Number of protein chains: 2
Amino acid sequence: MDAQGIKQCLEDSGLRCTPQRYSVMSFLMEHAGHPTAAEIFEGVNRLDPRSSRATTYNNLRDLVQAGLVREVAMEGRAARFDAKGAQHHHFICDKCGKVEDIDWYTVPQPGSESLGKRIVRECELIVRGLCTKCVPRRASQNSSRVVSAV
Amino acid sequence: MDAQGIKQCLEDSGLRCTPQRYSVMSFLMEHAGHPTAAEIFEGVNRLDPRSSRATTYNNLRDLVQAGLVREVAMEGRAARFDAKGAQHHHFICDKCGKVEDIDWYTVPQPGSESLGKRIVRECELIVRGLCTKCVPRRASQNSSRVVSAV
DNA sequence: ATTTCATATTAGACATAATCTAATTGCTAT
DNA sequence: ATAGCAATTAGATTATGTCTAATATGAAAT
């Protein structure tokens, strides 16, 4: 997406396209590897204008609230962020913490009869296990590849 | 589950049944409301013997590793814990942060052909939105109850 | 019962992640 | 130009979780 497109995108969501906010959004679109807030802060500050840590957090919060960015909370580690493109879920490696997009699986939506009075905004599937790099050589083909989904 | 059952349960997982560890496990089984580590620490210390904060965290980590307890990471808030009973997923309220068990929905497991060399340990569905207490009066019956699952 | 040794516990220091504050700057509309 | 609101900033602060080094405990061997 070009600069104009990002600007449009932000403004359609009611957010001003400030240089710092633009940088965060742009960085997230170019780096699909689910960076942490600290990585984003570092990344955008390699360019001008410099942004503060508070602003990076503020802008991430605004972008998440606007629904343009997804935040993935991690057990014991810093949260990770990604620009919402095509809808997808996440695979999180138990060992190295890497987050991979899952586009090879879809979750059928719960029937509304089971939701009671709740308002559902979003469903996310988190699949946990070992990524291809962390799988021990001989294990990838054996029976431990079991899914314990409900 | 009675005291003997909890002891058995811990030992079957290779964990010694120490008073502090027993307290944590017992507390989690009696309090299904997904307490935070701080709440668990407070809760078990209303009884004897007293446990330290470090021990509470150590024991939670051990119990999670042993697969007896589930940790649910929260965006911007403290992680929450629950004893794994029957398998279930979680509904997290955007507004009040309450975590509710979802037992009214099942996730079909991904076909193994789509997993590549990954080893999948667990699939968890996180449904986000507004819980029944946080739903505005007039909104509960309207069209905003849309599920945006992939 | 005593010794031995790995495991568990403890208090508090430390590390990290994220938020808050108060002052300042920069848009935007008039 | 200027008024008023939104955004930014540096740094302090809070919240959450981890580490360290000393001590205690429990189980097995003797």
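Every chain is numbered from 1 and lettered A, B, ... according to where its sequence line falls, protein lines coming before strand lines. None of the values given here were measured: they were computed from a predicted structure.
- Distance CD (B:Gln20) to P (C:dT7): 17 Å, rounded to an integer number of Å.
- Side-chain N or O atoms of B:Glu39 include one that pairs as donor or acceptor with a backbone N or O of B:Thr36 at under 3.5 Å.
- Under the side chain to side chain contact (heavy atoms under 4.5 Å, CB included) test applied with B:Ser23, the options B:Ile40, B:Leu28, B:Val44 reduce to a single match, B:Val44.
- Regarding contacts with the backbone of D:dT8, a side-chain N or O of A:Thr18 is found under 4.0 angstrom from either OP1 or OP2.
- Between the CG atom of B:Leu60 and the P atom of D:dC19 there is a distance of 15 Å, given to the nearest Å.
- Rounded to whole angstrom, the span from the CD1 atom of A:Ile40 across to the P atom of C:dA17 amounts to 13 Å.
- A donor-acceptor pair is defined here as one N or O able to donate and one able to accept, closer than 3.5 Å; no such pair exists between the side chain of B:Asp94 and the backbone of B:Leu130.
- Contact annotation: B:Ser51 reaches the phosphate of C:dT10 (side-chain N/O to OP1 or OP2, under 4.0 Å).
- Each of A:Lys98, A:Arg80, A:His90 was checked for a side-chain hydrogen bond (donor to acceptor under 3.5 Å, both in side chains) with A:His34, and the lone residue meeting it is A:His90.
- Rounded to whole Å, the distance from CD on A:Glu75 to P on D:dG17 is 11 Å.
- Rounded to whole Å, the distance from CG on B:Asp62 to P on D:dT18 is 12 Å.
- Under the 6.0 Å distance and 45° angle rule, B:Arg128 does not count as a cation-pi partner of B:Phe91.
- For the pair A:Met74 CE and D:dG17 C1', the interatomic distance rounds to 15 Å; values are reported in whole Å.
- The only member of A:Val24, A:Asp62, A:Leu63, A:Asn59 that meets side chain to side chain contact (heavy atoms under 4.5 Å, CB included) when paired with A:Val69 is A:Leu63.
- Distance CG (B:Leu10) to C1' (D:dG26): 16 Å, rounded to an integer number of Å.
- Phosphate proximity of D:dT8 to A:Thr55: absent, as no side-chain N or O sits under 4.0 Å from OP1 or OP2.
- Comparing B:Arg16 and A:Leu15 along DNA chain D, the residue whose closest nucleotide (by nearest heavy atom) sits nearer the 5' end is A:Leu15.
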Please enumerate all protein N or O atoms sitting under 3.5 Å from an N or O of nucleotides 18-23 of chain C, with distances to 0.1 Å.
{"residue": "C:dA18", "atom": "OP1", "partner": "A:Ala79", "partner atom": "N", "Å": "3.2"}
{"residue": "C:dA18", "atom": "OP2", "partner": "A:Tyr57", "partner atom": "OH", "Å": "3.1"}
{"residue": "C:dA18", "atom": "N7", "partner": "A:Arg53", "partner atom": "NH1", "Å": "3.0"}
{"residue": "C:dA18", "atom": "N6", "partner": "A:Arg53", "partner atom": "NH2", "Å": "3.3"}

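- Side-chain atoms of A:Asp82 and A:His31 include no donor-acceptor pair closer than 3.5 Å.
- Following rounding to the nearest Å, B:Phe41 (CZ) and C:dA11 (P) show an atom-to-atom distance of 8 Å.
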